[in-house]
Amino acid sequence: MLYLTRADVESVGLDVQTMVGLLEVAFREKGCGRVEMPPKPGIHTRPDAFLHAMPAYIPALGAAGIKWVGGYPDNHRRDLPYITGLIVLNDVETGIPYAVMDCEWITAYRTAAATALSARYLARPDSRVVGILACGVQGRTNLEALAAFFPITRVFAYDTRRDVQDRFVADMRARLGVDVVGVDRPRDAVIASDMVVTSGPILKHPSPAIEAGWLRPGSFASAVDFDSYWTGAALGEFDKVTTDDHAQFEYYRRAGYFQQTPAPCADLGEIVAGVRPGRERPDERTLAVNLGLALDDMAVAPEICRRARDRGVGIWLPR
Ligand SMILES: NC(=O)c1ccc[n+]([C@@H]2O[C@H](COP(=O)([O-])OP(=O)(O)OC[C@H]3O[C@@H](n4cnc5c(N)ncnc54)[C@H](O)[C@@H]3O)[C@@H](O)[C@H]2O)c1
């Protein structure tokens, strides 16, 4: 069995375009009803924290396995990542596990790839200005993924921690070569943006900051942090709300989230498969609420494993 550390996973150099391509295949399969992915069960050892079991099988990609992932909003106080965990890949013929890998890098990028995939169907192709609210891991990867597909020229960045925001501004300016501006209020990251990503903590009882009237007509938003950032009135202004999976959306709604979010009109699989439309008019406000699916991980992890094997990366463990 191959074991890949976080550094091993990152070192194989899977680029964001390839990841979005893999997710597009996986979501098309999902839209055609050809994947198996039960809603994720979880346990909760601290308030607003989770440990989730996320299995999926994508026959077209020969991918089967599970992610066991934790999300702990207070980990930063211990200088630890918010998201941590492991992915196990299973052989589709025998069921035997053939790889175990750290899931931090994959989660960071596959979530961003899902935003970019949604944006390709739901954002205006000429979207140039991006607002990032919360400049942590997801803020960075989501911006990087959007920049791979859209002609971004300017970014407005907001984080409650000034040191995090300042580092984001300097790093992303250097990395992407675009104008990145730190702002003092959430409103300033929204009002002039064509695409908005919210990526703060997921809270069951949030105090949302984004108000009705802030998001311009024609804009796209990706709520990586569920409904934590958008007021009910702001959510009500979207012409199209989408998700990545209806069943998981309903599961979370029953668990107390999304109480004021309009019912999604489509999931990403339906949109990619052409069963339901993406953006239909330039002035639509569109929202992707991608909850994060085992499908995303299973689309990406086997390719990481193949590349690692080809390059001799990782540690072989006895069974
Ligand atoms: N939907 C998905 O598929 C998916 C996948 C992975 C992570 N997530 C979620 O994304 C969020 C971010 O994860 P991460 O790994 O980037 O965490 P992170 O700790 O790296 O970043 C979180 C950032 O949010 C900032 N922050 C806290 N409250 C804020 C507020 N009100 N406004 C602006 N900034 C604020 C923090 O200072 C920090 O910089 C978490 O809620 C996580 O659960 C979702």
Side-chain angles (χ1 to χ4, degrees), residues 6 19 23 27 40 42 44 46 48-52 54 56 67 69-85 87 103-118 131-145 156-169 171-172 182-190 196-210 221-231 242-245 248-249 251-252 257-258 268 287-297 299-300:
R6 187 199 181 288
M19 277 185 270
L23 258 67
F27 274 100
K40 46 190 169 194
H44 306 88
R46 291 287 177 274
D48 287 320
F50 63 82
L51 284 162
H52 281 157
M54 303 171 64
K67 180 165 80 168
V69 61
Y72 280 68
D74 291 334
N75 270 8
H76 67 89
R77 294 186 212 283
R78 301 167 193 234
D79 216 14
L80 293 171
Y82 192 125
I83 299 287
T84 62
I87 291 172
C103 82
E104 217 183 293
W105 188 91
I106 294 175
T107 306
Y109 275 95
R110 65 59 147 160
T111 309
T115 288
L117 181 60
S118 293
I132 300 286
L133 293 98
C135 303
V137 171
Q138 288 296 332
R140 285 168 181 259
T141 55
N142 272 260
L143 177 56
E144 196 184 323
F156 293 106
Y158 172 76
D159 197 286
T160 42
R161 281 183 53 187
R162 193 54 193 252
D163 57 326
V164 172
Q165 179 178 305
D166 289 346
R167 260 201 319 275
F168 178 94
V169 168
D171 292 351
M172 298 314 282
V183 296
D184 294 331
R185 297 177 305 172
R187 184 173 182 275
D188 299 330
V190 177
V196 172
V197 177
T198 57
S199 48
I202 293 174
L203 304 172
K204 204 159 200 173
H205 305 290
S207 309
I210 300 177
S222 174
V224 174
D225 52 5
F226 291 19
D227 55 345
S228 300
Y229 234 112
W230 298 83
T231 58
T242 69
T243 184
D244 47 4
D245 186 65
Q248 299 223 9
F249 186 87
Y251 168 86
Y252 279 118
Y257 300 94
F258 301 118
L268 187 52
L287 172 66
V289 184
N290 292 332
L291 308 162
L293 304 181
L295 186 79
D296 308 332
D297 303 300
V300 170

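Counting starts at 1 for both ligands and their atoms, following the listed order. Here the structure is a predicted model, which is why all the values come from computation and not from measurement.
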J.: Which protein non-hydrogen atom lies closest to atom 29 (C) of ligand 1, naming both residue and atom, and how far is it?
T.: T160 OG1, 3.4 Å

J.: Going by side-chain contact (heavy atoms from CB on, under 4.5 Å), V69 matches just one of D297, I106, I83. Which one?
T.: I83

J.: Can you tell me which residue and heavy atom of the protein come closest to atom 1 (N) of ligand 1, and the distance to 0.1 Å?
T.: N290 O, 2.9 Å

J.: Which heavy atom of the protein is the closest neighbour of atom 6 (C) of ligand 1, given with residue, atom name and distance?
T.: Q138 NE2, 3.4 Å

J.: Under 3.5 Å between some N or O of ligand 1 and some N or O of G200?
T.: yes

J.: Can you confirm, on distance only, whether ligand 1 has an N/O atom lying under 3.5 Å from any N/O atom belonging to V224?
T.: yes

J.: So among T111, T115, N290, which one has a side chain to side chain donor-acceptor pair (under 3.5 Å) with S222?
T.: T115

J.: Is T111 touching ligand 1 with its side chain, its backbone, both, or neither, if touching means heavy atoms under 4.0 Å apart?
T.: side chain

J.: Which atom pair, heavy atoms only, marks the closest approach of S228 to L203?
T.: OG-N, 3.1 Å

J.: Counting only heavy atoms, which portion of A134 has something under 4.0 Å from ligand 1: side chain, backbone, both, or neither?
T.: both

J.: Does any part of the side chain of Y109, heavy atoms only, come nearer than 4.5 Å to the side chain of V300, both counted from C-beta?
T.: no

J.: For ligand 1, which part of L293 has a heavy atom less than 4.0 Å away: the side chain, the backbone, both, or neither?
T.: neither

J.: Using side-chain heavy atoms (C-beta onward) and a distance below 4.5 Å, is F258 in contact with T243?
T.: no

J.: N/O of D159 under 3.5 Å from N/O of ligand 1, yes or no?
T.: yes

J.: For V224, which of N142, V289, T198 qualifies under side-chain contact (heavy atoms from CB on, under 4.5 Å)?
T.: N142

J.: Please check whether Y82 reaches ligand 1 - meaning an N/O of the residue sits under 3.5 Å from an N/O of the ligand, judged on distance alone.
T.: yes

J.: Can you check whether I202 has an N/O within less than 3.5 Å of an N/O in ligand 1?
T.: yes

J.: Are any of the N/O atoms in Y229 less than 3.5 Å from those in ligand 1?
T.: yes

J.: If I take atom CD1 from residue I87 and atom CD from residue E104, how far apart are they, to the nearest 0.5 angstrom?
T.: 11.5 Å

J.: At the 4.0 Å heavy-atom cut-off, does Q165 count as touching ligand 1?
T.: no

J.: Taking only non-hydrogen atoms of S199, do any sit less than 4.0 angstrom from ligand 1?
T.: yes

J.: With rounding to the nearest 0.5 Å, note down the distance linking CG in L133 to CZ in F156.
T.: 11.5 Å

J.: Minimum heavy-atom separation for M172 and E144, please, with both atom names.
T.: CE-N, 4.3 Å

J.: What's the spacing between D159 CG and D166 CG if we round to 0.5 Å?
T.: 10.0 Å

J.: Looking only at protein heavy atoms, identify the closest one to atom 15 (O) of ligand 1 and say how far it is in Å.
T.: V137 CB, 3.6 Å

J.: So R162 and D184, do their side chains get closer than 4.5 Å, heavy atoms only?
T.: yes

J.: List ligand 1 atoms under 4.0 Å from R110, heavy atoms only on the residue side.
T.: 3 (O), 5 (C)

J.: Which residue and atom name correspond to the protein heavy atom nearest atom 3 (O) of ligand 1, and how close is it?
T.: G292 CA, 3.0 Å

J.: Please list, in number order, the atoms of ligand 1 under 4.0 Å from a heavy atom of Y158.
T.: 32 (N), 33 (C)

J.: Under a 4.0 Å heavy-atom limit, does E104 contact ligand 1 with its side chain, its backbone, both, or neither?
T.: neither

J.: What do you reckon, does T107 have a nitrogen or oxygen under 3.5 Å from a nitrogen or oxygen of ligand 1?
T.: no

J.: Which part of N75 is near ligand 1, with near meaning a heavy atom under 4.0 Å away: side chain, backbone, both or neither?
T.: neither

J.: Applying a 4.0 Å heavy-atom criterion (strictly less than), which segment of V164 is in contact with ligand 1: side chain, backbone, both, or neither?
T.: side chain

J.: Considering heavy atoms of the protein only, find what lies nearest to atom 21 (O) of ligand 1 and give residue, atom and distance to 0.1 Å.
T.: G136 CA, 3.3 Å

J.: Supply the atom-to-atom distance H52 NE2 to H44 NE2, rounded to the nearest 0.5 angstrom.
T.: 4.0 Å

J.: Could you tell me whether the side chain of K40 reaches within less than 4.5 Å of the side chain of Y252, counting heavy atoms only?
T.: yes

J.: Would you check, one step at a time, whether the test salt bridge (charged side-chain N to carboxylate O under 4.0 Å, His left out) holds for D74 with R46?
T.: CA-CA 10 Å; D74 291 334; R46 291 287 177 274; over 6 Å; no

J.: Looking at atom 27 (C) of ligand 1, what's its closest protein heavy atom, distance included?
T.: P201 CD, 3.3 Å

